[in-house]
Amino acid sequence: MTVTLADVAARAQVSPATVSRVLNGNYPVAASTRERVLKAVDELDYVLNGPASALAAATSDLVGILVNDIADPFFGIMASAIQSEIGGPGGRAGGERLAVVCNTGGVPERELTYLTLLQRQRAAAVVLTGGAVEDATHKAAVAAKLRKLAEAGTRVVLCGRPPAPETGAIALTFDNRGGGRELTEHLLGLGHRRLGYIAGPEERTTTRHRLEGHRAALAAHGVAEDPRWTVHGRYDRQSGYEATLELLRRDPSLTAVVAANDSVALGACAALRDSGLRIPGDVSVAGFDDLPFSIDAVPSLTTVRLPLAEAGARAGRIAMGREEPPPGGIATVRGELMVRGSSGVPRG
């Protein structure tokens, strides 16, 4: 049953006119009243009838792109590629579509807020990039939002994110497990047996999948994992620097450091240099993603190349209906091991 403005007013115990004022933002309303109205809107999942120009259509010309951090090249590359496929004619009446990049800052509540706002604006498409949050309540809430969007005619595409079954979303998911395993197998093949691992935030699917790949490689080679060899942190350079110093404090005999991504790997390299260690003469370093700066690092980073631009462009075409979704609505995007100067045989 469709939720009406009157339903929201009844739930918030205000008049329909007050609800309208809160949603339109064109008249001052007491903060406590506004909070009650917005809470009722969320509880009832009320969808605003959007701009008048969109009323006659199932969707508007708006396309939402959700990213964790637009300053991170991982997300910036995908967002740019997605937007490149959205530009140009294709909107209603042959007009342009408007791409809006929504920066969540890694905050789960912001992700839900943006999905709600895009639903209210009857977005033509929504593309969610990067890993998901490992929280059952949040996962259920996101799934409910995606279902609502799909049911309203919005195309939903997940780019670099695990599938969301029974939501109608198309998933282009990165093979983070496979890439993580191949990267560690490369180091093991060089003879390393004491490998430190700098993982990302524990609540992220990307973190878990890459770490599972790393551990699978260790197990396959009969290498027992020491709990001291894994440190969690943010996906940034500073985190890599601090985590590497902590790993060296825990076990100075480590011969390799595997980083959650290339930014973390750069921080690891800086920490090793500041500790008087050579790369790869004393300690090898490996990253993940193959971001543009990786090949220019000194030495250049061994890493796993994810086709971020290609995956983003494909997600954009699917979102615009210019490319058919993959069979079953799910496609696995595999990475490629890039062996460069930061990895070598262990000392001694």
Side-chain angles (χ1 to χ4, degrees), residues 72-74 174-200 206-221 223 225-226 228-248 250-251 253-273 275 277-308 334-347:
D72 184 336
F74 177 88
F174 294 149
D175 182 18
N176 286 305
R177 285 191 189 89
R181 178 166 183 158
E182 187 176 11
L183 191 64
T184 297
E185 284 179 341
H186 161 67
L187 293 170
L188 291 168
L190 291 173
H192 293 277
R193 291 298 181 269
R194 304 182 71 82
L195 294 82
Y197 190 93
I198 307 174
T206 299
T207 298
R208 177 167 61 85
H209 294 162
R210 292 182 182 183
L211 184 53
E212 286 175 351
H214 169 72
R215 287 172 170 166
L218 293 178
H221 284 73
V223 177
E225 183 185 12
D226 189 323
R228 299 177 300 161
W229 295 349
T230 299
V231 176
H232 285 269
R234 304 175 306 278
Y235 282 120
D236 59 37
R237 181 186 181 280
Q238 184 61 31
S239 176
Y241 188 95
E242 295 168 355
T244 300
L245 294 181
E246 174 62 18
L247 285 170
L248 291 175
R250 294 180 182 183
D251 187 351
S253 66
L254 291 175
T255 64
V257 173
V258 184
N261 69 7
D262 293 339
S263 296
V264 173
L266 282 190
C269 289
L272 291 169
R273 285 193 295 269
S275 299
L277 297 170
R278 300 166 299 155
I279 307 165
D282 295 314
V283 181
S284 291
V285 177
F288 207 112
D289 296 334
D290 196 25
L291 299 177
F293 58 74
S294 301
I295 197 168
D296 295 319
V298 180
S300 55
L301 278 177
T302 289
T303 186
V304 172
R305 179 185 183 273
L306 288 179
L308 301 174
R334 305 192 187 282
E336 178 185 0
L337 177 65
M338 310 299 291
V339 178
R340 298 187 181 125
S342 68
S343 61
V345 295
R347 61 181 182 272

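Computed from a predicted structure; not experimentally measured.
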Counting only N and O atoms by type, is there a donor-acceptor contact under 3.5 Å from the side chain of [X] to the main-chain atoms of [Y]?
{"X": "T244", "Y": "G240", "answer": "yes"}
{"X": "T302", "Y": "A286", "answer": "no"}
{"X": "D289", "Y": "L291", "answer": "no"}
{"X": "N176", "Y": "H209", "answer": "no"}
{"X": "R193", "Y": "L188", "answer": "yes"}
{"X": "D262", "Y": "F288", "answer": "yes"}
{"X": "S294", "Y": "L301", "answer": "no"}
{"X": "S284", "Y": "G344", "answer": "yes"}

Indicate yes or no: at least one non-hydrogen side-chain atom of [X] is less than 4.5 angstrom from one of [Y].
{"X": "D290", "Y": "L306", "value": "no"}
{"X": "R340", "Y": "I295", "value": "yes"}
{"X": "V231", "Y": "R250", "value": "yes"}
{"X": "T230", "Y": "R215", "value": "yes"}
{"X": "E185", "Y": "H221", "value": "yes"}

What's the spacing between [X] [atom1] and [Y] [atom2] if we round to 0.5 Å?
{"X": "R228", "Y": "L247", "atom1": "CZ", "atom2": "CG", "answer": "10.5 Å"}
{"X": "Y197", "Y": "R210", "atom1": "OH", "atom2": "CZ", "answer": "7.0 Å"}
{"X": "R234", "Y": "N261", "atom1": "CZ", "atom2": "CG", "answer": "11.5 Å"}
{"X": "T207", "Y": "E212", "atom1": "OG1", "atom2": "CD", "answer": "11.0 Å"}
{"X": "T255", "Y": "H192", "atom1": "OG1", "atom2": "NE2", "answer": "5.0 Å"}
{"X": "R237", "Y": "E242", "atom1": "CZ", "atom2": "CD", "answer": "10.5 Å"}

Search all heavy atoms of [X] against all heavy atoms of [Y] and return the closest pair with its distance.
{"X": "Y235", "Y": "A260", "value": "CE2-CB, 3.5 Å"}
{"X": "S342", "Y": "I279", "value": "O-CG2, 3.8 Å"}
{"X": "T303", "Y": "G287", "value": "OG1-C, 3.3 Å"}
{"X": "L195", "Y": "L218", "value": "CD1-CD2, 4.5 Å"}
{"X": "V264", "Y": "A259", "value": "CG1-CB, 3.7 Å"}
{"X": "S275", "Y": "L245", "value": "OG-CD2, 3.6 Å"}

message = Between S343 and H186, is there a side-chain donor-acceptor contact under 3.5 Å, judged purely by atom types and distance?
response =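 Distance-only check passes for H186 and S343.
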
message = salt bridge (charged side-chain N to carboxylate O under 4.0 Å, His left out) for D282 and R347? Distances and angles first, verdict last.
response = CA-CA 6 Å; D282 295 314; R347 61 181 182 272; 5.0 Å; no

ask   = So L211 and H232, side chain to side chain contact (heavy atoms under 4.5 Å, CB included) or not? Walk me through it.
value = CA-CA 10 Å; L211 184 53; H232 285 269; 4.2 Å; yes

query = When you look at T206 and F174, which way does the side chain to side chain contact (heavy atoms under 4.5 Å, CB included) test go after all the steps?
reply = CA-CA 9 Å; T206 299; F174 294 149; over 6 Å; no

request  = I would like to know whether R177 and R208 meet side chain to side chain contact (heavy atoms under 4.5 Å, CB included); could you show each step before the answer?
outcome  = CA-CA 8 Å; R177 285 191 189 89; R208 177 167 61 85; 3.6 Å; yes

